[in-house]
There are 4 protein chains.
Amino acid sequence: MLIQIDHGCDRPVYLQIADQVKRDVALGRVAEGDRLPTVRELSSRLVINPNTIAKAYRELEHQGIIITRPGSGSYIAQGSSRLSEAVREKLIREQIDRLMVEAIHMQIDRRQLFGWIEEALAKFKFPEKGAGDGEDRG
Amino acid sequence: MLIQIDHGCDRPVYLQIADQVKRDVALGRVAEGDRLPTVRELSSRLVINPNTIAKAYRELEHQGIIITRPGSGSYIAQGSSRLSEAVREKLIREQIDRLMVEAIHMQIDRRQLFGWIEEALAKFKFPEKGAGDGEDRG
Amino acid sequence: MLIQIDHGCDRPVYLQIADQVKRDVALGRVAEGDRLPTVRELSSRLVINPNTIAKAYRELEHQGIIITRPGSGSYIAQGSSRLSEAVREKLIREQIDRLMVEAIHMQIDRRQLFGWIEEALAKFKFPEKGAGDGEDRG
Amino acid sequence: MLIQIDHGCDRPVYLQIADQVKRDVALGRVAEGDRLPTVRELSSRLVINPNTIAKAYRELEHQGIIITRPGSGSYIAQGSSRLSEAVREKLIREQIDRLMVEAIHMQIDRRQLFGWIEEALAKFKFPEKGAGDGEDRG
DNA sequence: GTGGTCTAGACCACC
DNA sequence: GTGGTCTAGACCACA
């Protein structure tokens with residue numbers, strides 16, 4: 001699992017790590033039950049304090065993305081969201097709105113933005129509920 | 001200009017204010033040259049420390065969204081981003097990716113997400129510059 | 001808010017703190033919106049590292065018991081459990097079973113245990129859904 | 001003796017094992033003098049490190065639940081707690097309080113909780129010593 | 001070996 | 001003033 005930290009970025013390091021693990025799960029690059037790098041290994045690889053890695057893993061565990069077994073290591077959990085449907089819709093729609101606002105202020109036009117979104121929709125591995133819906137996209 | 005603060009939300013107050021000003025510009029609710037409420041007025045209306053309002057305005061000015069004329073007030077600036085095209089594309093695509101990651105982890109399916117995005121694309125006021133804008137960029 | 005730490009106990013200090021805050025909420029000793037002691041104050045009062053207090057508060061926030069606003073402080077949130085009904089029942093019944101097992105191995109007899117449980121049921125402030133259910137108990 | 005390990009659970013494996021042995025004693029499924037599986041047998045059956053099993057047995061022996069005779073095996077001991085009466089009462093009452101706190105935060109109502117407790121009280125095999133045991137204690 | 005807890009202290013963002 | 005992040009390092013529990 002490749003993880004990169006941008007120390008110039010204002011996002012906290014521990015969240016950058018959590019983001020990237022979540023991203024790899026979302027992209028299908030890691031599967032349920034896969035073992036994550038140990039705290040110490042990632043710590044020495046990224047030259048970051050072990051506590052910071054541990055904090056990232058704890059955050060992921062709180063979100064139900066991984067489970068961590070003391071003495072053994074951390075593993076990708078089953079994908080499950082504990083939030084109600086209404087709350088999830090609200091959160092995602094807010095995030096979409098923020099994206100629109102940013103794009104407009106950066107003078108991205110609608111067609112360009114739409115193109116990038118389509119690329120992203122194709123790139124990620126969505127959980128398709130029905131059969132035969134999106135197999136030829138990703 | 002209507003601004004509402006959610007103190008239960010984890011987003012800093014000064015960014016909530018800046019977000020909403022930017023949003024109103026993006027939605028076309030306010031236009032270039034419009035005057036913003038004074039720091040003092042907004043401060044008493046929202047029952048928020050004036051320093052916080054001032055910080056929000058400073059943030060907006062830094063992003064080029066408004067201009068502040070000492071002794072006169074703050075005004076909506078021309079929509080122009082000072083960032084290079086490459087940086088703007090990178091930032092927006094990162095934001096799109098984060099949206100995909102969150103949606104997947106909240107088990108939103110692709111079709112549902114696409115629907116919400118289409119609604120948002122329609123709702124906001126994009127600067128359409130004609131058809132020949134970014135097609136040869138790569 | 002009175003909080004006491006037993007350093008001889010094997011339960012982590014940060015969980016002892018979280019337990020006692022939860023307990024005070026459950027007993028009705030603090031109400032929604034009440035402010036908790038600041039991290040620094042509790043830290044100096046209990047002679048415990050501020051990070052440990054902060055960890056307790058973060059745990060409470062993850063459980064939805066409190067909300068914490070940077071720069072302002074931490075406050076009791078609305079009582080809400082995010083777990084599904086089935087999961088909640090399973091967790092509580094497991095805890096009841098553990099109680100029975102311990103009591104039996106400590107040779108507490110059934111009547112004695114029942115008495116203590118009745119006392120506890122009366123002592124705590126349960127959310128009574130219907131009208132006129134348990135007012136004469138607590 | 002059936003023992004099952006939930007690796008997803010946060011309770012340490014060695015305590016899960018000890019819990020289940022204690023539970024079987026409390027339920028009357030095993031009686032004094034019964035022989036426990038050997039460390040080696042349980043180790044291979046549960047696919048768990050023998051050290052972990054040994055630790056569970058050590059814990060049980062420490063609590064006086066089992067006795068281990070080197071070269072012979074481990075056996076269920078006589079049910080007797082080495083703790084003083086006051087300490088036992090304190091420990092059990094604390095456990096009852098924790099149960100109340102958790103139930104309240106999970107929004108279980110008093111009647112529902114009482115029902116579950118009654119079921120558990122009936123399910124387990126308490127050592128009823130007659131009616132005149134602890135009436136003048138507290 | 002693994003992760004968890006706790007301490008001590010620096011620095012930053014927010015109000 | 002408030003809490004948040006990160007570092008450094010000691011010690012413990014678990015497998």
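Letters A, B, ... are given to chains in the order of the sequence lines, protein chains preceding strands, and every chain is numbered from 1.
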*Asks:* For the residue pair B:Gln16 / B:Gln20, report whether a side-chain donor-acceptor contact shorter than 3.5 Å exists.
*Replies:*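 B:Gln16 and B:Gln20 do not have a side-chain donor-acceptor pair below 3.5 Å.
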*Asks:* Is a donor-acceptor pair below 3.5 Å formed from side chain C:Arg40 to base F:dG3, judging by atom type as modelled?
*Replies:*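 Flag set: donor-acceptor pair detected.
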*Asks:* Can we say A:Asp19 and A:Arg11 salt-bridge, meaning some charged N sits less than 4.0 Å from an Asp/Glu carboxylate O?
*Replies:*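 Yes, this pair counts.
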*Asks:* Using a cut-off of 4.0 Å on non-hydrogen atoms, how would the nucleic acid contact of C:Ile48 be classed: base, sugar-phosphate, or nothing?
*Replies:*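 Touches sugar-phosphate only.
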*Asks:* Is it true that A:Asp97 and B:Arg23 make a salt bridge, defined as a side-chain N closer than 4.0 Å to a carboxylate O?
*Replies:*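 The answer is yes: the pair qualifies as a salt bridge.
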*Asks:* E:dT5 phosphate, OP1 or OP2: any side-chain N/O from C:Tyr14 under 4.0 angstrom?
*Replies:*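 For C:Tyr14, the contact criterion (side-chain N or O under 4.0 Å from OP1 or OP2 of E:dT5) is met.
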*Asks:* Between F:dA13 atom P and D:His62 atom NE2, what is the distance in whole Å?
*Replies:*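 Going from D:His62 (NE2) to F:dA13 (P), I get 13 Å.
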*Asks:* Can you find an N or O donor on one side and an acceptor on the other, under 3.5 Å apart, linking the side chain of A:Asn51 with the base of E:dG3?
*Replies:*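 A donor-acceptor contact between them is absent.
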*Asks:* OP1, OP2 of E:dT5 versus side-chain N and O of C:Thr52: anything below 4.0 Å?
*Replies:*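 So the side-chain polar atoms of C:Thr52 never come under 4.0 Å of the phosphate oxygens OP1 or OP2 of E:dT5.
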*Asks:* Is there a side-chain contact between A:Thr68 and A:Tyr75 (heavy atoms, below 4.5 Å)?
*Replies:*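 Sidechains of A:Tyr75 and A:Thr68: no contact.
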*Asks:* Mind checking if C:Arg58 touches a base, just sugar-phosphate, or nothing, with heavy atoms under 4.0 Å?
*Replies:*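 If one applies the 4.0 Å heavy-atom cut-off, C:Arg58 turns out to touch nothing in the nucleic acid.
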*Asks:* Nearest to the C:Thr38 side chain among E:dG4, F:dT2, E:dT2, which nucleotide is it?
*Replies:*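 So the side chain of C:Thr38 is nearest to F:dT2.
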*Asks:* Is the phosphate of E:dT2, meaning OP1 or OP2, less than 4.0 Å from a side-chain N or O of A:Ser72?
*Replies:*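 No.
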*Asks:* Is D:Lys55 near enough to F:dC14 that one of its side-chain N or O atoms lies under 4.0 angstrom from OP1 or OP2?
*Replies:*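 D:Lys55 to F:dC14 OP1/OP2: side-chain N or O found under 4.0 Å.
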*Asks:* Need to verify one output field. Residue with the more 5' nearest nucleotide on DNA chain F, A:Gly71 or C:Glu41?
*Replies:*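 So the residue in question is C:Glu41.
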*Asks:* How many Å lie between CD1 on D:Ile17 and C1' on F:dA15, as a whole number?
*Replies:*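 After rounding, the gap between these two atoms is 11 Å.
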*Asks:* In whole angstroms, how far is the C1' atom of F:dT2 from the OH atom of C:Tyr57?
*Replies:*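 Value for this atom pair: 12 Å.
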*Asks:* State whether C:Glu41 and C:Arg45 are salt-bridged, where the test is any N-O pair (Lys NZ or Arg NE/NH1/NH2 against Asp/Glu carboxylate O) under 4.0 Å.
*Replies:*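 Looking at C:Glu41 and C:Arg45, the cut-off is met.
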*Asks:* Among E:dG4, E:dC14, F:dC6, which nucleotide has an atom closest to any side-chain atom of B:Pro12?
*Replies:*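 Comparing E:dG4, E:dC14, F:dC6 against the side chain of B:Pro12, the answer is E:dC14.
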*Asks:* Whole angstrom is fine here: how far is it from CD1 in A:Ile53 over to P in F:dC6?
*Replies:*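 Between P of F:dC6 and CD1 of A:Ile53: 10 Å.
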*Asks:* For D:Gly73 and D:Arg35, work out which heavy atoms get closest and say how close.
*Replies:*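 Where D:Gly73 meets D:Arg35 most closely, the heavy atoms are CA-NH2, 4.1 Å.
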*Asks:* Show, in sequence, the C-alpha distance, side-chain angles and deciding distance for B:Lys90 and B:Glu94, and conclude whether the salt bridge (Lys or Arg N to Asp or Glu O under 4.0 Å) test is met.
*Replies:* CA-CA 6 Å; B:Lys90 178 170 171 290; B:Glu94 282 174 1; 3.0 Å; yes
*Asks:* Which whole-number value in Å describes the distance from A:Asn49 CG to F:dG9 P?
*Replies:*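 Distance check: A:Asn49 CG to F:dG9 P gives 9 Å.
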*Asks:* Dot-bracket for DNA chain E, 5' to 3', counting Watson-Crick or G-U wobble pairs under 3.5 Å, with [ ] for crossing pairs and | for inter-strand pairs?
*Replies:* ||||||||||||||.
*Asks:* Let me know the distance between CD of D:Glu59 and P of F:dA15, rounded to the nearest Å.
*Replies:*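 Taking CD of D:Glu59 and P of F:dA15, I get 12 Å after rounding.
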*Asks:* Pick the closest DNA chain E nucleotide for B:Leu15 and for C:Leu15 by heavy atoms, then say which residue is nearer the 5' end.
*Replies:*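 Looking at the nearest nucleotide for each, C:Leu15 comes out on the 5' side.
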*Asks:* Take D:Gln95 and C:Glu102, measure what side-chain contact (heavy atoms from CB on, under 4.5 Å) needs, and give me the verdict at the end.
*Replies:* CA-CA 9 Å; D:Gln95 198 169 341; C:Glu102 288 301 327; 3.5 Å; yes
